[in-house]
Amino acid sequence: MEAALRPPVVDTTAFGWARRRLFATPVDTIVTLCFGAVVVWVALRIVDWTLISALWSLEDGQTCRDAAGACWAVIEARGRLILFGLYPYEEHWRSTLACLAIVATMALSCVPWFWSLKRLPALWIGGFVTFVVLMHGGVFGLSVVTTEQWGGLSLTVFIFCSVAVIGMPMSIGLALARRSKLPVVRHVTSVFIDLFRSVPLLTILFTAAVVIPLTVPDWAQGDKLGRVIFAFAIFFACYQAEIIRSGMQAIPPGQEEAAAALGMKYWSRVFDILLPQAFRNSLPATINQFVITFKETSIVTIIGFFEIMASANAAVGTGEWGAQYVEVYFFVGAVYFLFVFGLSRYGAYLEKRARLTHA
Amino acid sequence: MMKRFTSALAGAALAAAVSAPVLAASGETVKTIQDRDSLLCTGHNGSYLGFAEVDDKGKWTGFDIEFCKALATAILGSPDKLQIIPVSWAQRFPALQSGDIDVIIKVTGWTMGRDTELGLQFARPYFIGPTNILTRAELGATSAADLEGGVFCINAGTSIERIVADYMGAKGISYEALNFEKAEELRSALYAGRCDALAGFGPFLAATRFNAPNPDDFVILDEVLALEPEGIAARQGDDNFIDVINWMVSALLMAEEHGITQANVDEMRANPPSSSIGRLLGATPGIGDRLGLSNDWAYNMIKAVGNYGEIYDRTVGEGSPYKLPRGLNNLWSKGGLHYTLVLD
């Protein structure tokens, strides 16, 4: 008989973990100390620049030259310009409310209770109507603000949401059409998707904003912002369609055949069997696509829209604040981070939820 | 100063424009503006130092914007009857052709290609854009030749690259170019001492110097590497509109020549010291009728924005952070290149 092996003694305290993982051998110790020193040094530099040596506001006669670290006074002076762009100063409250309305809509549509074919469209129509009424005005005694004057964070969030909301259903349609049994539908969709994917986004947006007014009669042009959002949405849909299609390919064909054998109709098979699983399969890639799209909204500066990146450039593009671009980019970076990090966390939550319900 | 990629895009858009019928009405721009009761003028997608900036309250200011205001006042009687449409460099020409804007006042160089192939018509230059050199004061250089063998920071993909190469090549001065994509990178490189000199558009250099940790460490050399006459551009085929713009610029210069300012314009109009000033300010009719405008347009304009010198000082000159010397943008009588047309 062999003597039973005693279970290894594991020191589970932080000290024990550190000794096991960081200081097990002399080489480990050296590596830990070297990298630890670098990390601490960088962290201290950042904390020093952003907080300790930073100048938060300017006293009389002080300038940003006096700051040893960051000069956050630029955000105090130019922050409203960055957040609201060219929107009329007295009406900034409208832009704030509109932005909150659309962010609230975004947040609510993340709640599973809203995930039905009736509730979700109703929520988004409500959100968009609120946004446009507040931003554009012209009703309830609000003065009219044309889309040329929209700007800053509200515009960035609006473009992102519109692109996602218009693009998602479009992408599902394209994905289904590309799997269609009808050769004409299948081939036309393939060509369409490949065509849009092979052209840079910038070119598509430039065409929508600048070339269409030259070639299409006035009455058919619509608003410039509308055209750009629609073009962006098509671009988004072409990429997203392929992501959803990959999610569909991963489902064994037997499932659909079995459903058909049971007499389920096409749309029932799509909505009850295909799409729920396709979404789950393609979730990581979809979140990726959303994050990319959020960041790509800054491309619209090239066609003269004052979204947050353009207004940040406007904020530092003066003699007075020209040296404070690092602070301003830092600020804008933090705003982007807030949204993108929120999106990724939400994606992680969805994945966990999918695992729980469909284990 | 336009980037190659965006100019390629603009070219593609205009190729489409030329093949398609141009929809914006030409020949009647002034009437279109009057019917709309608002002038659509160019802004920027961001800020362009000194020329089109956005203030803390989201209002446009700057040299180009003042000219937009002057034109709006000349045609419509008030500087507020103006909408500044933000457009990027690449977008300005197609935007003009499609009628999104009425006029381009956006530091736009008068080049042959733009004048002919792009279907633009330029009015007389309203700004002479020099390419200069900003260098470290400690080097003691007074001309480009003193910077022999030095490192030049240059904005990649802009016309500056070619201008510097041509100029230095012609003079046989060797140099090392260090290219950067963004203005911020250029500046930090200079401040950090990675280059001895920065070549660029005069106003940009003035701003770079102003923003330096210690502006006295840097000097702008008087030497001019190249000149770019910046003109106000409108659609081809509208002579009357071009006339209005030419006389607007001329009236602003004439006001400066005769010492007419925003402050004394009322007095000058009540007691014109000479008959030509009387004609300019509309005390004697003629200046408006012949252009299809009101006879007091020049008076209104000077009352609203001041004369050329006042606009310059307020936006890019001594009264601004940039302190850009008048240089070639002075009147001919003070050593510059600007002159007035004859008001008969």
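Within every chain, numbering begins at 1; the chains are lettered A, B, ... in the order of the sequence lines, protein sequences first and strands thereafter.
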Assess whether atom NZ of Lys295(A) is packed by more than 12 heavy atoms of other residues, nucleotides or ligands within 6.0 Å.
no

Where is the tightest heavy-atom contact between Val316(A) and Glu184(B), given as atom of each residue plus distance?
CG2-OE2, 4.4 Å

Chain A interface, residue from Ala52(B), Gly50(B), Ala212(B) that has the most non-hydrogen pairs under 4.5 Å
Ala212(B)

For Ser311(A), is it the side chain, the backbone, both or neither that has a heavy atom under 4.5 Å from a heavy atom of chain B?
neither

So CG of Asn211(B) and CD of Gln324(A): to nearest 0.5 Å the spacing works out to 7.5 Å

Smallest separation among heavy atoms of Gly317(A) and Glu53(B), with atom names:
O-CG, 3.7 Å

Point-to-point distance, once rounded to the nearest 0.5 Å, from CG of Asn313(A) to OH of Tyr48(B):
13.5 Å

Exercise: identify the closest heavy-atom pair between Ser98(B) and Pro213(A):
CB-CB, 3.7 Å

Side chain from CB out, backbone as N, CA, C, O: work out which of these in Ile85(B) comes under 4.5 Å of a heavy atom of chain A, or both, or neither.
side chain

For the candidates Gly62(B), Gly46(B), Ser320(B), which exhibits the highest count of non-hydrogen atom pairs separated by less than 4.5 Å from chain A?
Gly46(B)

Quick check on the interface: out of Ala95(B), Gly43(B), Pro321(B), Pro215(B), who has the most heavy-atom pairs with chain A under 4.5 Å?
Pro215(B)

What one should report as the nearest heavy-atom pair of Asp55(B) and Leu81(A) is O-CD2, 3.9 Å

State, with a plain yes or no, whether a side-chain heavy atom of Asp56(B) is found less than 4.5 Å away from one of Tyr89(A).
no

Atom group of Tyr322(B) that falls short of 4.5 Å from chain A, counting heavy atoms
side chain

Nearest heavy-atom neighbours spanning Phe206(A) and Ala90(B)
CZ-O, 3.8 Å

Can you tell me how far NZ of Lys57(B) sits from CD of Glu90(A), rounded to the nearest 0.5 angstrom?
7.0 Å

Phe230(A) atom CZ: more than 12 heavy-atom contacts under 6.0 Å:
no

So for atom CZ, which belongs to Arg197(A), do other residues, nucleotides or ligands contribute more than 12 heavy atoms lying within a distance under 6.0 Å?
yes

Please report the closest heavy-atom contact between Arg78(A) and Val54(B), naming both atoms and the distance.
NH2-O, 2.6 Å

